[in-house]
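As structure tokens, the structure follows; a few thoughts come after it.
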Amino acid sequence: MSKAPFDADLVIIGSGFGGTMTALTIAHKLHPQELRDAQNKLKELLTGDPKAQLPATRDQQKLLDELTERLKDSGALRRIVILERGTWWTTPLPTMQDPQIKTPKFLRDRGQPVQYWSALDHFKGVIDLFTRCLRRPGNEDGLYDISHMGKRRLFGLFGGENDGVSVLRANGVGGGSLVYSNITVRPPEFIFNGWDTTWTKADRDKYYELAKHAIGYSIPLAWNELADGNIPYKKAPNVAGATNAGLSNISTQTSRLDPHWEASEDPFILPNSPRTVKRLGTDGSNWLARARVSQTAVKAFRPDGFHTVDSSINDLTPDRTPPYDALVPPNYPPSGAFPKIVNHCERQGRCTLGCLPGARHTLNKQLIGDAYGKPTDVVPVAQFPNIEIRALVEVRVIKPLDTGYFVEYYATEDRSHSKRMTLSARRVIIAAGCLGTNELLLRCQANKTLPGLSPRLGEGFSTNGDFIAFLDKTKEAVNLTRGPVQTSVAHFNDKPGETNALFHIVEDEGIPKALSSTVKYGVKLIQALAHHSRLPIWWVLLRAIVNRGLRVITEIRRNAQARQEFFQSEEELTMNMMCITASGRDRANGKFTLGGTSRRETPLRVTPMDPAKTPFYKDPIFQAIDATLNGEGGLADQLVRPEEKRKRRFRNPFLSAGADTLDAKSLTITHPLGGCGIGTKEKGGVVDQYGQVFDYSEGGTLYDGLYVADASIIPAALGVNPSLTISALALRIGERVAAEMTA
């Protein structure tokens, strides 16, 4: 095999669930056995000689380095380049597995840019988030990218347009895994009715279980178990060397407490799944308040429609109790599979801001270990030295070559200067996320670099029914700031005889301490704005700020007589407030188009496809969600005192009358789907069932070597958190691409 006339054999645009799952799948399946054997021999020698002081170990190191270069030069070791527009993010604090905080320096020594999670658990954390962690011009490496689609007002006064959807997405190595809620949930089977694909129920069983193992332990180990006939599990898997310590069900106040939950088979997945559904039992004394309160409330009107979520977070197995799932390896005590000390959940409630103890299964952990080796090892051994990660890179256009593709991108060298660069590759996988992929392909279509793209490109956008709401003054203490960000999920309209078209889920949502005061007073302020016209709106805001300042001065003076609200802790501020998120089956009737015709217009626009241009927030799914939350006997009625039933309501601050007054009435979502839907060419699909892009130009069928593997290919709303589905689809696509690369 000779070296190909390209800069890379494969370029992957994006490093989220689609990008990482395909990258590590292909690297694993194309890994030369000769190199694997040499790596395993070095690892074995390093077990007894961790500093590589003995001649035999040093000789094996040298042999491995020479072998790697020889295989790269010959083309036997395929060159995989991952392009990511963000930077690396990691904790600035010691963790159980990295007590010396070696990870940041380890990355910088390899030329990788690094940022730290915001570590402040009070109001200064909000300032840190907005000044350092929010992506904007001049701060391209910010973690949070809030995309408000539409057109800004002229001089801030008039002529604005609001497309009705704002999207919160991640910007960093690891993509959406950096800010997601760690939920791995599979949608019910009826969701797949109408999908134009041969993805059968048996296939789904395989790939969903494969995805759980890939997220819970590692992607290469998942493929090893499948090759051994152990996906779905028939025996306890071999997880020696795993990056993560498996999925967890976190409901107790601290690790190792016995939750005393009730366990039953999961109705959504195959009967022999290794994981059972866990629900609140008769003894909830060890439970986190939010988990206990939310499950008790749902149980009152949906007795068997709720459970504790499977979280991609390390936690310690309860002490002195038998395993709840016989085939799942325990995280504690050490079984030889994991380090003696495992990073585990410390219930800090700040998953979406960055896990300071390092317990979450973010994909950057798998990428760093496989591409560069383990940072805490004296002599790190990269499993896939053929993977190159280029951070702070934004792709602008893809152009076809005779037998490959030309990728044009901008590399941000610092916060003020970007340099135009190019890269050629035999194959390209686009995994830039729903918005990023649609914008890139629409630009390629407009520039006619990929003129054969489907005329339906951009159609089928779904909000996935994303919804957030708050309920104040609950009858029991909830304590939003404790625990993982989500603990429990309830399912509605999922049973035979119910309206499956309005299927939705409701999950409890934690609030990081840093945001407690913002939530406490911000929600009240938005509700107050609902009672004022647009004319005095800024006067209302100014008056609220001044009144708050005067109140603080008064409370400081009175604090000696009685403890004042100003001196409450962040936990107390939201102690009696419940926050929920929901997802559901919307109509997926949005269409992306390019914007950017003026400096006021966003690069990507989205509009409803129905003739009436019905706003996205008026989709019937949101009426169904509101009925679940605020209907008679619904969730709100269960959470408030009897005398306040039918009075207190869950409110979405982004859909309030106050937001309408500000011309800001908009769905704020985190799970955008569609635009590049799976289908057949006859029915207008943008990609086929394996993510390969259709070519509609004369004489063409598929763009050879061009694929999409992210949320954009999902052709309809899932109604649940999509990370597990994206992973399952990406693993299937990666398997297909690897097979083509070896053909």
Side-chain angles (χ1 to χ4, degrees), residues 4 6-31 77-88 112 170-178 214 219-220 223 363-364 366-368 370-372 382-399 404-409 411 421-441 444 676 687 690-693 703-713 726-727 729-741:
F6 297 104
D7 299 321
D9 295 285
L10 173 66
V11 168
I12 299 176
I13 302 170
S15 61
F17 286 101
T20 297
M21 291 290 165
T22 53
L24 297 187
T25 290
I26 294 166
H28 172 73
K29 288 185 172 294
L30 302 185
H31 201 52
L77 188 59
R78 307 299 182 91
R79 296 155 299 163
I80 300 173
V81 179
I82 300 175
L83 303 178
E84 168 55 53
R85 67 178 185 144
T87 184
W88 292 80
Q112 297 295 318
N171 179 55
V173 178
S177 73
L178 300 177
I219 295 163
W223 287 109
L363 294 172
N364 53 351
Q366 296 207 43
L367 287 170
I368 191 175
D370 286 340
Y372 302 117
Q383 186 66 25
F384 304 125
N386 54 319
I387 291 180
E388 178 187 353
I389 300 170
R390 300 186 186 180
L392 291 180
V393 160
E394 185 148 17
V395 175
R396 302 303 299 167
V397 73
I398 300 170
K399 301 176 181 178
Y405 296 90
F406 190 73
V407 179
E408 182 181 300
Y409 64 92
M421 303 186 73
T422 58
L423 183 66
S424 64
R426 172 65 186 88
R427 289 176 172 83
V428 174
I429 297 176
I430 307 171
C434 180
L435 270 62
T437 293
N438 275 284
E439 183 181 343
L440 175 58
L441 287 179
C444 292
C676 303
V687 300
Y690 295 103
Q692 191 165 1
V693 179
Y703 277 103
D704 183 26
L706 183 62
Y707 307 84
V708 178
D710 60 22
S712 68
I713 70 173
I726 297 168
S727 298
L729 288 168
L731 290 166
R732 190 171 185 252
I733 291 168
E735 182 181 38
R736 177 72 167 223
V737 174
E740 292 177 355
M741 292 177 72

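Since this is a predicted model, take the numbers as computed values, not measurements. For the single chain, residues carry numbers from 1 onward in sequence order.
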For [X], what residues pass the side-chain contact (heavy atoms from CB on, under 4.5 Å) criterion, not counting sequence neighbours?
X	result
Glu735	Lys29, Tyr207, Trp223
Tyr703	Tyr405, Leu450, Pro451, Leu453, Val693, Asp695, Leu706
Ala214	Met21, Ile219, Ala222, Leu731
Arg390	Val81, Leu83, Glu388, Val393, Tyr409, Leu423

Taking all non-hydrogen atoms of both residues, which atom of [X] and which atom of [Y] are closest, and how far apart?
X	Y	answer
Ala391	Gly86	CB-O, 3.3 Å
Gly691	Ile733	CA-CD1, 4.0 Å
Leu77	Pro385	CD2-CG, 4.4 Å
Ala27	Ile387	CB-CD1, 3.9 Å
Phe17	Ala730	O-CB, 4.1 Å
Gly19	Ile12	CA-CG2, 3.7 Å

Just verifying a value: how many Å separate [X] [atom1] and [Y] [atom2], rounded to the nearest 0.5 Å?
X	Y	atom1	atom2	answer
Ile713	Ile430	CD1	CD1	11.5 Å
Asn438	Cys676	CG	SG	4.0 Å
Arg427	Asp704	CZ	CG	6.5 Å
Asn171	Thr87	CG	OG1	9.0 Å
Asp9	Leu30	CG	CG	9.0 Å
Glu408	Thr422	CD	OG1	7.5 Å

### Query
Who passes ring-ring contact (aromatic ring centres under 6.0 Å, His included) against Tyr707, sequence neighbours left out?
none
List for me each residue that meets side-chain hydrogen bond (donor to acceptor under 3.5 Å, both in side chains) alongside [X], sequence neighbours excluded, and say none if there are none.
X	answer
Ser177	none
Tyr372	Gln112
Ser424	Asp7
Asp710	Thr437, Ser712

### Close side-chain approach of Ile368 and Trp88, heavy atoms under 4.5 Å
yes
### Message
Does Arg79 form a side-chain contact (heavy atoms from CB on, under 4.5 Å) with Leu10? I'd like the steps, not just the answer.
### Response
CA-CA 6 Å; Arg79 296 155 299 163; Leu10 173 66; over 6 Å; no
### Message
Go through it in stages, so that I can follow the logic: the residues are His28 and Gln383, the test is side-chain contact (heavy atoms from CB on, under 4.5 Å), and I'd like the CA-CA distance, side-chain angles, deciding distance and then a yes or no.
### Response
CA-CA 9 Å; His28 172 73; Gln383 186 66 25; over 6 Å; no
### Task
List in chain and number order the residues that pass salt bridge (charged side-chain N to carboxylate O under 4.0 Å, His left out) with Arg736, two or more places apart in sequence or in another chain; answer none if no residue qualifies.
Glu740
### Message
With side-chain contact (heavy atoms from CB on, under 4.5 Å) as the criterion, how do Val173 and Leu363 come out once you've worked through the C-alpha distance, each side chain's angles and the decisive distance to 0.1 Å?
### Response
CA-CA 8 Å; Val173 178; Leu363 294 172; over 6 Å; no
### Query
For Ile13, which of Ile82, Val708, Ile398, Ile429 qualifies under side-chain contact (heavy atoms from CB on, under 4.5 Å)?
Ile398
#### Entry: Pairwise side-chain hydrogen bond (donor to acceptor under 3.5 Å, both in side chains) hits with a residue in residues 14-23, at least two apart
Ser15-Glu84
### Pair Ile26-Met741, side-chain contact (heavy atoms from CB on, under 4.5 Å): steps then yes or no
CA-CA 9 Å; Ile26 294 166; Met741 292 177 72; 3.9 Å; yes
